[in-house]
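Data block below; observations after.
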Amino acid sequence: MAVAARVRHFVSIADLSSGELVALLDRGAAMKAGTAGRDAPLRGMALAQIFEKPSLRTRLSFDVAMAELGGHSSYLSPQEVGLGRRESVADVARVASRLVDLVVLRTYAHETIEEFARYASVPVINGLSDLSHPCQGLADIFTIRERKGLDGTITAYVGDGNNVLHSLMLCVAKTGATLRIATPEGYGPQERFLTLARAVEKETGARIELTDDPVAAVTGADVVYTDVWTSMGQEQEYERRRRAFQGYQVNAKLVAHAKPDAIVMHDMPAHRGEEITDEVLDGPRSVVLDQAENKMHMLKAVLCWLVGGTASPRPPLR
Ligand code: CP
């Protein structure tokens, strides 16, 4: 049976209007300040985290967020669920919808999350897929806004046009800031995400600029962002990617082209000595630990938004 139309999912940043994104950022800020979320708004609610890939930050952030909002979280590893192998994606979605109020999925294929969402009757959150990482995008844009504001802020992304960049790009486009993307030829963001970003650019006044020159991207930037060159699931491409990304390392020499008060971001885990040096990752400009913490505050905002406040979307089981 197809999902009921009233259920809202968070599979991509494209699921949010610009207004909703700003409202989520405001709610995340209130969560962080402790002026929201203290009255156990998710009391009695349960979250299932069904992950095909490893996670530290995302999983732990959801665990802590649910606990602090008065709810409960269960983690299900690939060995336990066997999504699409032991059991069909549709059956897992139908069963999970009877037992929990929300589901987070971390998958290899983005299509798995879309299929799950079609059969789920509770909100589904994308906890990372090969195409997008919207929870990370929220943490990133929150951190940029917190540290630099968004008006006229230039973020330079140097590295692979991956899932993290796709979500960051949509967040920047929807909030009217500027993103300069420096990638080697053949490793840029996917056209479908560029098309989505370009469509919003006109509405918000954002600017998304593409180059293959890391120095051009970073010069005068307020934020320098990088991510791994080889993502989970691409391990067989490691040597080819290492060669392709030579010259794209975020090191002290590259960061020296940014504004004197520029910050450095990385969603982590980092491959130290590859896309970023220890000196920069551990240096005074680095805000990577803020980024990691901010994911938890933004996930609280997402969880409350998806369940629509304080009411449970399903009758209590007990
Ligand atoms: N950045 C990120 O998603 O971290 P984890 O893989 O540890 O969740």
Query raised in the report: Can you name the nearest heavy-atom pair linking His9 to Leu306, along with the distance?
Result: C-CD2, 4.2 Å

Requested in this report: Could you give me the CA-CA distance, side-chain angles and deciding distance for Glu146 and Thr143, then say whether side chain to side chain donor-acceptor pair (under 3.5 Å) is met?
Outcome: CA-CA 5 Å; Glu146 181 179 57; Thr143 305; 5.0 Å; no

Query raised in the report: Under 6.0 Å from the CD atom of Glu279, do we count more than 12 heavy atoms belonging to anything else shown?
Result: no

Query raised in the report: Quick check: are there more than 12 heavy atoms from other residues, nucleotides or ligands sitting under 6.0 Å from CZ of Arg272?
Result: yes

**Report entry** Smallest separation among heavy atoms of Val92 and Ile50, with atom names
**Finding:** CG1-CD1, 4.0 Å

Query raised in the report: Parallel, tilted or perpendicular: which describes the rings of Trp229 and Phe245, with under 30° parallel and over 60° perpendicular?
Result: parallel

Query raised in the report: Crowded around Arg198 CZ? As in, over 12 foreign heavy atoms under 6.0 Å?
Result: yes

Requested in this report: Let me see the working for Glu275 and His266 under side chain to side chain donor-acceptor pair (under 3.5 Å), right down to the final yes or no.
Outcome: CA-CA 10 Å; Glu275 76 277 1; His266 191 306; 2.7 Å; yes

Requested in this report: Check the surroundings of atom NE2 in His72: do more than 12 heavy atoms from other residues, nucleotides or ligands lie under 6.0 Å from it?
Outcome: no

Query - Close side-chain approach of Thr277 to Val250, heavy-atom, < 4.5 Å - result: no

Query raised in the report: Going by distance alone, is a donor N or O of one side chain under 3.5 Å from an acceptor N or O of the other, for Thr112 and Glu115?
Result: no

Report task. Would you tell me whether Thr230 and Glu235 have side-chain atoms, one donor and one acceptor, within less than 3.5 Å of each other? Result -> no

Requested in this report: Please test Tyr238 against Glu274 for side chain to side chain donor-acceptor pair (under 3.5 Å), starting from the C-alpha separation and ending with a verdict.
Outcome: CA-CA 11 Å; Tyr238 177 78; Glu274 285 186 26; 2.5 Å; yes

Requested in this report: State, without any angle test, whether Thr175 and Arg145 hold a side-chain donor-acceptor pair at a distance under 3.5 Å.
Outcome: no

Requested in this report: For a salt bridge (Lys or Arg N to Asp or Glu O under 4.0 Å) with Asp261, tell me which candidate from Lys148, Arg147, Arg285 qualifies.
Outcome: Lys148

Under 3.5 Å, sequence neighbours excluded: what are the donor-acceptor pairs made by side chains of residues 178-185?
unit_1, atom_1, unit_2, atom_2, d
Arg180, NH1, Ala217, O, 2.9
Arg180, NH1, Thr219, O, 2.7

**Report entry** Closest heavy-atom pair and its distance - Ser61, Met296
**Finding:** O-CG, 3.5 Å

Requested in this report: Start with the C-alpha distance between Thr107 and Lys53, add both sets of side-chain angles, then the distance that settles side chain to side chain donor-acceptor pair (under 3.5 Å), and finish with yes or no.
Outcome: CA-CA 6 Å; Thr107 62; Lys53 295 178 176 179; over 6 Å; no

Query - Tyr75 and Asp63: side chain donor to acceptor below 3.5 Å - result: no

Query raised in the report: Can you find a side-chain donor-acceptor pair between Asn163 and Asp130 that sits under 3.5 Å?
Result: no

